[in-house]
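Some notes on the structure that comes next.
Note that ligands are numbered from 1 as they come in the structure, with each ligand's atoms numbered from 1 the same way.
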Amino acid sequence: MAAILLDVDGVLHVSGETIPGAVDAVKRLRAAGHRIRFVTNSTTKSRADLGMHLRSMGFAIEDDELQTTGDVAARVLKGKRILALTMPGILDDLVGLELIGMNADAVLIGGADEGEETGRVFSYLNLNRAFLELQSGADLYCLHKNRWWQTAEGPRLDAGAFVAGLEYVADTDATVLGKPSPEYFAAALEALDADAELAWMVGDDLEGDIVGAQRHGMRTVLVRTGKFRPDDLDHTGIVPDGIVSSIAQLPDWLEQNP
Ligand SMILES: [Mg+2]
């Protein structure tokens, strides 16, 4: 029996539309005795909201099986004064952080969302405030540095553009807290009490899921759903241990490739 980290967005669903066969696949993985942790780079919902959302799609998932980027931020940034440019939905997971408007120890950039809130959070006013804090010595952190993500209407610009912009103007490097950071994978494996070499990462994102997990010593399976693009496999030269058409094929694949 293995420890399996399952990505959520693009693996279990796309924009709230369940991937066909995904609910059953999770059931079969559990029935086979695998230990599962759901690892998301989602930065728009708290763990409780995400758990509710996934259960409404039919997944039998407990909140404490979910790991969000906010959980990792709360661990790493504990006790610091934070200027947070994040979607309001994730604030519940930033427990123990002092969120302030200026004189920050750290600037934290979250991901974009499909609604109008994104334009307000990443306004010129807020980005300029972040720039001034960085100039005054605050450190730059981000929940992820994704370039784009897949929605039902197509690709959308993600907050990686703002993170890269702030790195450029403040001449600094952001610390990434979500996937593919080592802190993120370490926290997930610790929760399952699993060794990296014996654990699988299953995702639709070559950079965030596959490369990140490979660097952490894990085995990887890529799904051909969500943000998967066949061309990327050729361009990047990244080779996952397995490729399945969707999570629906994962239980059979794991039986054949234990
Ligand atoms: Mg994904």
Check [X] and report its N/O/S atom nearest to the Mg ion (ligand 1), by atom name.
X	value
Asp7	OD2
Asp9	O
Asp204	OD1

> Looking just at side-chain N and O atoms, do Arg224 and Gln249 make a donor-acceptor pair shorter than 3.5 Å?
Replying inline: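 No - no donor-acceptor pair under 3.5 Å links their side chains.
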
>> I'd like to know if the side chain of Lys179 reaches the main chain of Ile210, judged simply by a donor and an acceptor atom lying under 3.5 Å from each other, with no hydrogens or angles considered.
In response: no

> For Arg147, does the CZ atom sit with more than 12 other heavy atoms under 6.0 Å from it, leaving out its own atoms?
Replying inline: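 No, CZ of Arg147 has 12 or fewer neighbouring heavy atoms, counting only those of other groups under 6.0 Å.
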
>> For His13 and His53, take the angle between the two ring planes, folded into 0 to 90°, and tell me which bin it lands in: parallel under 30, tilted 30 to 60, perpendicular over 60.
In response: perpendicular

